[in-house]
Trainee: 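Below is a structure I'd like to ask you about.
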Amino acid sequence: MQLYNSASHQKEDFVPRDPNLVKMYTCGPTVYHFAHIGNLRSYIMEDVLEKYMRYAGYNVKRVMNITDVGHLTSDADSGEDKMIKGAKREHKTVMDIAKYYTDAFFADCARLNIKTPDVVEPATNCIGEYITIITGLLDKGFAYRAGGNVYFDTSKLDKYYVFNEQDSDDLAVGVREGVEEDPNKRNKNDFVLWFTQSKFEDQALKWDSPWGEGYPGWHIECSGISMKHLGEYLDIHCGGIDNAFPHHTNEIAQSESYLGHKWCNYWFHVLHLNTSGGKMSKSKGEFLTVSLLEEKGYDPLIYRLFCLQSHYRKALVFSWENLDNAKVAFDKLVARIATLKPEDGAVDQGAFDEQKAKFQAALDNDLNTSLAVTALYDVLKAQTNDATKLALLADFDRVLGLNLTEKAAEKRKTAASGTTSGGYTVQGEGDPAIDALVRQRAEAKKAKNFAEADRIRDELKAAGIEVTDVAGGATWTRA
RNA sequence: GGUGACAUAGCCAAGUGGUAAGGCAAGGGUCUGCAAAACCCUCACCCCCGGUUCAAAUCCGGGUGUCACCUCCA
């Protein structure tokens with residue numbers, strides 16, 4: 001397959017070092033608060049990437065970190081560790097907070113059909129790995145000690161800027177309030193590997209190290225965890241585009257300096273979900289979570305479809321109108337699939353292969369999920385039997401993860417559970433009282449008493465029940 | 001200020017040199033006591049200006065606009 005590589009700024013053929021195993025690393029969440037749906041866009045797209053690689057025949061070992069330590073300052077304030085801030089806010093210990101929000105994160109992922117990575121590693125589990133790497137960097141002269149901390153020396157690198165052509169002189173330090181230049185740094189781009197002296201006091205979590213009691217810098221975490229579980233070579237590293245600089249740039253600097261060779265071949269960056277006012281954040285505007293979507297009556301998988309209809313390398317604007325659009329499309333897809341008859345013939349392998357080839361061509365081309373979704377519609381319109389269509393849809397869903405065939409099967413089951421009497425079939429959700437009302441309405445209609453029929457329909461509607469006439473009966477659903 | 005990306009119908013969106021996929025909405029129609037659903041039909045000179053080419057939404061140059069990053073963020 002072809003993937004856009006942020007490191008080379010072009011699409012490349014994806015070739016893992018080991019043809020049978022893709023080693024994949026994902027920057028995981030900082031667990032000091034709930035994830036918003038913008039955070040989750042990245043995880044949805046990375047999930048599709050992972051599932052497509054498996055679909056295409058690769059074995060995949062995927063590792064994700066959980067940042068439960070040392071993330072400095074948050075959106076609008078200056079001078080507190082995010083984890084500590086969360087703990088203070090909720091009067092819990094830092095580790096309680098981490099546990100709580102880690103669980104919440106994976107619960108959100110489950111509702112969005114995002115597979116949990118093979119390895120999930122909290123940053124606080126790997127202090128030994130960080131110390132080993134930092135020691136190695138100091139030995140090789142890539143790091144130095146100053147003011148109690150250990151820094152990476154970016155001037156020792158031939159090429160520091162991997163993802164763009166910046167010049168360190170052009171970096172505007174302090175473009176945001178509360179960001180001050182650290183006087184211990186030898187170069188503007190140098191970054192901390194290990195803190196013993198922090199401008200943030202009351203660090204709840206500290207560990208012993210050869211440089212004193214302290215805690216690791218942010219960037220070292222991903223390098224350490226990746227090497228612990230995936231070894232010296234990584235095939236593909238994923239994350240949100242905001243991480244490209246400085247986080248991923250620094251990961252590359254420290255990893256390759258430590259290892260002495262190229263570390264990761266492909267970089268997969270997902271663009272942000274924006275609101276009409278710009279980047280979505282936790283401190284600005286409505287705090288959009290999976291739970292909020294559910295409260296408002298949206299199946300989380302509608303949001304998944306919403307993301308899939310766009311391309312991961314394009315900014316996506318969230319609005320309720322756009323989500324409604326996706327909801328209608330999702331419901332219609334399920335309804336159309338529900339009309340397919342599973343027992344309609346045997347799978348036609350020729351037709352199956354033809355449709356599948358289109359689907360794969362779409363995803364082989366830099367994970368074009370928008371075209372992959374179109375492939376669903378192509379299947380529904382294809383000149384072949386229902387059994388073939390259902391087999392194709394189930395096959396595609398291994399990657400898309402929309403549960404379309406399952407939902408359609410449920411719908412079909414509900415429809416089949418209708419009760420028939422007097423040649424009139426009522427299909428609903430199995431409530432005899434409502435079935436009876438629907439029958440009363442049918443009687444009224446038969447007697448041409450349309451006022452009464454409409455009155456019953458209105459009464460049901462007031463109770464949130466929608467009645468629809470179909471050939472030989474009626475169906476009803478709860479809104 | 002520097003750097004990176006993007007700009008296609010009312011909205012989302014595909015398209016990687018040969019006269020614009022798909023979805024939603026909208027309008028028209030069939031069906032229906034009415035409604036809904038379903039089905040059929042209709043709906044774009046691709047931000048602007050130059051250039052290359054027999055041919056450009058697609059390549060090149062220059063604008064304009066939007067977004068992102070510049071040590072917190074997916």
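Remember, predicted model here, so these are calculated numbers, not experimental data. Order of the sequence lines fixes the chain letters, A, B, ..., with proteins taken first and strands second; residue numbering starts at 1 for each chain.
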Trainee: Within the structure shown, what part of the strands sits under 4.0 Å from Asp366(A) by heavy-atom distance: base, sugar-phosphate, or nothing?
Mentor: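 Nothing, no heavy atom under 4.0 Å.
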
Trainee: Just compare rG33(B), rU16(B), rA74(B) and give me whichever is closest to any side-chain atom of Asn365(A).
Mentor: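 So the nucleotide nearest the side chain must be rU16(B).
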
Trainee: Whether Lys51(A) and Asp47(A) form a salt bridge (side-chain N of Lys/Arg under 4.0 Å from carboxylate O of Asp/Glu) is what I want to check.
Mentor: yes

Trainee: Measure CG/Asn449(A) against P/rC34(B) and give the value in whole Å, please.
Mentor: 16 Å

Trainee: Under a 4.0 Å N-O cut-off, is there an ion pair linking Glu410(A) with Lys407(A)?
Mentor: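 Looking at Glu410(A) and Lys407(A), the cut-off is not met.
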
Trainee: Could you check which nucleotide pairs with rC59(B) in any of the strands shown, counting Watson-Crick or G-U wobble with both distances under 3.5 Å?
Mentor: rG51(B)

Trainee: Which nucleotide wins on minimum distance to the side chain of Arg457(A), given the candidates rG33(B), rA35(B), rC69(B)?
Mentor: rA35(B)

Trainee: Does rC39(B) have a Watson-Crick or wobble partner in any strand here, with both distances under 3.5 angstrom, and which is it?
Mentor: rG29(B)

Trainee: Glu221(A) has an atom CD; how far is it from atom P of rC72(B), in whole Å?
Mentor: 14 Å

Trainee: Rounding to an integer number of angstrom, what distance separates rA25(B) and rC31(B) when you compare their P atoms?
Mentor: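 Taking atom P in both rA25(B) and rC31(B), they lie 23 Å apart.
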
Trainee: Measuring to OP1 and OP2 of rA7(B), would you say a side-chain N or O of Lys314(A) lies under 4.0 angstrom away?
Mentor: yes

Trainee: Could you tell me if Lys11(A) and Asn5(A) have a donor-acceptor pair between their side chains, going purely by distance under 3.5 Å?
Mentor: no

Trainee: Could you work out which one of rA14(B), rC11(B), rA74(B) sits closest to the side chain of Asn325(A)?
Mentor: rC11(B)

Trainee: At 4.0 Å (heavy atoms only), tell me whether His219(A) reaches a base, stays on the sugar-phosphate, or touches nothing.
Mentor: nothing

Trainee: Picking from rA74(B), rA5(B), rG22(B), which would you name as closest to the side chain of Leu273(A)?
Mentor: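 So the side chain of Leu273(A) is nearest to rA74(B).
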
Trainee: Using a cut-off of strictly less than 4.0 Å, decide whether Asn189(A) has a side-chain nitrogen or oxygen near OP1 or OP2 of rC70(B).
Mentor: no

Trainee: Would you check if the distance from the ring center of Phe191(A) to the ring center of Tyr151(A) is below 6.0 Å?
Mentor: no

Trainee: Using a 4.0 Å heavy-atom cut-off, does Phe306(A) contact any base of the nucleic acid, only the sugar-phosphate backbone, or nothing at all?
Mentor: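 It contacts nothing in the nucleic acid.
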
Trainee: Would you check if the distance from the ring center of Tyr312(A) to the ring center of Phe268(A) is below 6.0 Å?
Mentor: yes

Trainee: Identify whether any heavy atom of Gly239(A) sits under 4.0 Å from a base atom; if not, whether one sits that close to sugar-phosphate; answer base, sugar-phosphate or nothing.
Mentor: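 Sugar-phosphate, backbone atoms only, no base.
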
Trainee: Is it the case that Lys327(A) places NZ or CZ above or below the six-membered ring of Trp320(A), under 6.0 angstrom from the centre and within 45 degrees of the axis?
Mentor: no

Trainee: Taking atom P in both rG50(B) and rG10(B), what distance in whole Å separates the two?
Mentor: 24 Å

Trainee: Aromatic ring centroids of Phe163(A) and His9(A) under 6.0 Å?
Mentor: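 Ring centres of His9(A) and Phe163(A) not closer than 6.0 Å.
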
Trainee: Rounded to whole angstroms, how far apart are NZ on Lys446(A) and P on rG33(B)?
Mentor: 15 Å

Trainee: Just the rounded figure in Å: distance from C1' of rA74(B) to OH of Tyr303(A).
Mentor: 10 Å

Trainee: With nearest nucleotide decided by heavy atoms, which residue, Lys448(A) or Val270(A), maps closer to the 5′ end of RNA chain B?
Mentor: Lys448(A)

Trainee: Provide the distance between the two C1' atoms, one in rU66(B) and one in rC47(B), to the nearest whole Å.
Mentor: 11 Å

Trainee: When the P atoms of rC72(B) and rA20(B) are considered, how many whole Å apart are they?
Mentor: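 Rounded to whole Å, the distance is 50 Å.
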
Trainee: Of Val328(A) and His247(A), whose closest RNA chain B nucleotide lies nearer the 5' terminus?
Mentor: Val328(A)

Trainee: Within this structure, what is the NE2-to-P distance between His269(A) and rC67(B), rounded to whole angstrom?
Mentor: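 Checked: the NE2 to P distance equals 22 Å.
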
Trainee: Where the side chain of Lys332(A) is defined as all heavy atoms beyond and including C-beta, which of rC24(B), rC39(B), rA74(B) is the nearest nucleotide?
Mentor: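 Looking only at heavy atoms from C-beta outward on Lys332(A), the closest nucleotide is rC24(B).
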
Trainee: Could you work out the separation of rG18(B) and rA55(B) based on their C1' atoms and round it to a whole Å?
Mentor: 6 Å

Trainee: Side chain of Ile241(A) only, please: which of rC11(B), rA68(B), rG15(B) is the nearest?
Mentor: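 Of the candidates, rA68(B) comes closest.
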
Trainee: Once you apply the 3.5 Å cut-off to both distances, tell me the Watson-Crick or G-U wobble partner of rU64(B), or none.
Mentor: rA7(B)

Trainee: Does any nucleotide pair with rC69(B) by Watson-Crick or G-U wobble geometry, both distances under 3.5 Å, and what is it?
Mentor: rG2(B)

Trainee: Just checking Leu316(A): base, sugar-phosphate only, or nothing, at a heavy-atom cut-off of under 4.0 Å?
Mentor: sugar-phosphate

Trainee: What does Lys381(A) touch in the nucleic acid at a heavy-atom separation under 4.0 angstrom: a base, only the sugar-phosphate, or nothing?
Mentor: sugar-phosphate

Trainee: Given atom CG of Asn274(A) and atom P of rA74(B), what is their separation to the nearest angstrom?
Mentor: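 Atom CG in Asn274(A) sits about 14 Å away from atom P in rA74(B).
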
Trainee: Strictly by Watson-Crick or wobble contacts shorter than 3.5 Å, is anything paired with rU16(B), and which nucleotide is it?
Mentor: none

Trainee: Look at Thr374(A) and rA14(B) and indicate whether a side-chain polar atom (N or O) is within less than 4.0 Å of OP1 or OP2.
Mentor: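 No, Thr374(A) has no side-chain N/O under 4.0 Å of OP1/OP2 on rA14(B).
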
Trainee: Donor-acceptor pair under 3.5 Å: do we get one between Asp378(A)'s side chain and the base of rG22(B)?
Mentor: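 It does not, because no donor-acceptor pair links the side chain of Asp378(A) to the base of rG22(B) below 3.5 Å.
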
Trainee: What is the distance from atom CG of Asp366(A) to atom CD of Gln10(A), rounded to the nearest 0.5 Å?
Mentor: 12.0 Å

Trainee: Looking only at side-chain N and O atoms, does Thr339(A) come under 4.0 Å of OP1 or OP2 in rA38(B)?
Mentor: no

Trainee: Asn39(A) side chain: which of rA74(B), rA13(B), rG22(B) is closest?
Mentor: rA74(B)

Trainee: Between rA57(B) and rG17(B), how far apart are the C1' atoms? Round to whole Å, please.
Mentor: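 rG17(B) and rA57(B) have their C1' atoms separated by 11 Å.
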
Trainee: Rounding to an integer number of angstrom, what distance separates rU64(B) and rC48(B) when you compare their P atoms?
Mentor: 15 Å

Trainee: Within 45° of the six-membered ring axis of Tyr144(A) and under 6.0 Å from that ring's centre, is NZ or CZ of Arg186(A) located there?
Mentor: yes

Trainee: Would you indicate whether Lys159(A), at its atom NZ, is surrounded by more than 12 heavy atoms from other residues, nucleotides or ligands within a distance under 6.0 Å?
Mentor: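 It does: Lys159(A) NZ has more than 12 such atoms within range.
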
Trainee: For the pair made of CG in Asn250(A) and C1' in rC72(B), what is the distance, rounded to whole Å?
Mentor: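 Interatomic distance, CG of Asn250(A) to C1' of rC72(B): 14 Å.
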
Trainee: Checking contacts here: which listed nucleotide (rC34(B), rA74(B), rU16(B)) is nearest the side-chain heavy atoms of Arg441(A)?
Mentor: rC34(B)

Trainee: Would you mind telling me which of rC34(B), rG15(B), rA74(B) lies closest to the side-chain atoms of Asn368(A)?
Mentor: rG15(B)

Trainee: When both hydrogen-bonding distances must be under 3.5 Å and the geometry is Watson-Crick or G-U wobble, what is rC46(B) paired with, if anything?
Mentor: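 Pairing partner, where one exists within any strand: none, as none qualifies.
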
Trainee: Within the 4.0 Å heavy-atom criterion, would you say Tyr377(A) contacts the bases, only the backbone, or no part of the nucleic acid?
Mentor: sugar-phosphate

Trainee: Quick check for you: among rG15(B), rG22(B), rC34(B), whose closest atom lies nearest to any side-chain atom of Asp454(A)?
Mentor: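 Closest nucleotide among those given: rC34(B).
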
Trainee: Round to the nearest Å and state the distance from His272(A) atom NE2 to rC67(B) atom C1'.
Mentor: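 Nearest whole value for this atom pair: 11 Å.
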
Trainee: I'd like the C1' distance from rC59(B) over to rG15(B), given in whole Å.
Mentor: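 Here rG15(B) and rC59(B) have their C1' atoms 15 Å from each other.
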
Trainee: It should be established whether His9(A) places a side-chain nitrogen or oxygen under 4.0 Å from OP1 or OP2 of nucleotide rA5(B).
Mentor: yes

